Amino acid sequence: MSLLRSLRLFLDARTGSFPAGSLQLQSPQPRHTIHAASWLSASSSSKELLMKLRQKTGYSFVNCKKALETCGGDLKKAEIWLHKQAQKEGWSKATKLSGRKTKEGLIGLLQEGNTTVLVEVNCETDFVSRNLKFQQLVQQVALGTMLHCQSLKDQLSTYSKGFLNSSELSGLPAGPDREHSLKDQLALAIGKLGENMTLKRAAWVKVPSGFYVGSYVHGAMHSPSLHNLVLGKYGALVICETSEQKANLEDLGRRLGQHVVGMAPLSVGSLDDEPGGEAETKMLSQPYLLDPSITLGQYVQPHGVSVVDFVRFECGELEEATEAE
């Protein structure tokens, strides 16, 4: 457009006359976000809303301010808007990072009543596995698995044990409201932490009266917000049958779990198995981890309990097995 034509259009706009066929430019109408921003002045109430939203969601000052402006200062709507935006960004980042290997992570062990669950969540680096947001993801996975297990209506005459693979675990609801799945929480964590992550697997055990589940997590640290969740790199559950309730079962169960983590048996075996040879992979005939002069069976027998089953998780072992193949 020539300088002369530009000048004519400007003068026409000033006088209100436009030549036929020319584009009539209207001054923009005030947008909703401009009106909404007026509430976000220096008033103490607006600052309080901003602080509340940051504390509740953990998102940045800039994102929280944008959410409140977009939603006209409605705290609940702003929280929902933030989660939706984070979900979109998380899924986008998860798709980009999906090919990266995840050898690090954490094992989570959670016990409630007669139910115990063991979960594994993986990430790329040990640095991220020590991040609170990653540990919160492991907590959500453990709670989701626990809720799933408790929802199973089974009449127990003996113990029951089950496993969930990555796909099954990802599809579980993240809470009792069933609004979001664990894979949604995974995408949010990937979006926040910027690493590929996988919900690798879970195991659960339920026992009736007369059974006891011993447990052990190596390198254990407790969740800051869930006292009965233990996190670490190795975890084991040992299912014992006992004719009477004994006071020292917790200590015994922990020692049996230590043995399973350290000696990595493949089966329980029996008290009649002779040490050596193939029996070295059978738990009861292995040299007891804390006293190799006796077998584990010889250690257990005087305590009046029978070891019937166990579960052992080692963080990253499935990834390493896949690479070896």
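Owing to the predicted nature of the structure, the values given are computational and were not obtained by experimental measurement.
- In this structure, R201 forms a cation-pi arrangement with F313, its terminal cationic atom sitting closer than 6.0 Å to the ring centre and no more than 45° off the ring axis.
- Contact check on D126 versus K233 returns a salt bridge, with a Lys/Arg side-chain nitrogen under 4.0 Å from an Asp/Glu carboxylate oxygen.
- Side-chain atoms of Q139 and S223 form a donor-acceptor pair, as typed in the model, at a separation below 3.5 Å.
- C315 SG to N122 CG: the interatomic distance, rounded to the nearest 0.5 Å, is 5.0 Å.
- Residues passing the side chain to side chain donor-acceptor pair (under 3.5 Å) test with S209: none are found, sequence neighbours excluded.
- We find the CD-CG distance between Q111 and L237 to be 7.0 Å, quoted to the nearest 0.5 Å.
- Donor-acceptor pairing under 3.5 Å is recorded for the side chains of D309 and Y159.
- Classification of K52 and E48 as a salt-bridged pair fails, no side-chain N sitting under 4.0 Å from a carboxylate O.
- Judged by distance alone, the side chain of H259 and the main-chain N or O of Y288 form no donor-acceptor pair under 3.5 Å.
- When hydrophobic side chains of Ile, Leu, Val, Met, Phe, Trp and Tyr are connected at separations under 4.5 Å, V261 ends up clustered with Y216, Y234.
- Between M283 atom CE and L266 atom CG the span is 12.5 Å, to the nearest 0.5 Å.
- If you take NZ on K76 and CD on E79, they are separated by 5.0 Å, rounding to the nearest 0.5 Å.
- Separating the OH atom in Y299 from the CZ atom in R255 is a distance of 4.5 Å, to the nearest 0.5 Å.
- Distance check: Q135 CD to M221 CE gives 4.5 Å after rounding to the nearest 0.5 Å.
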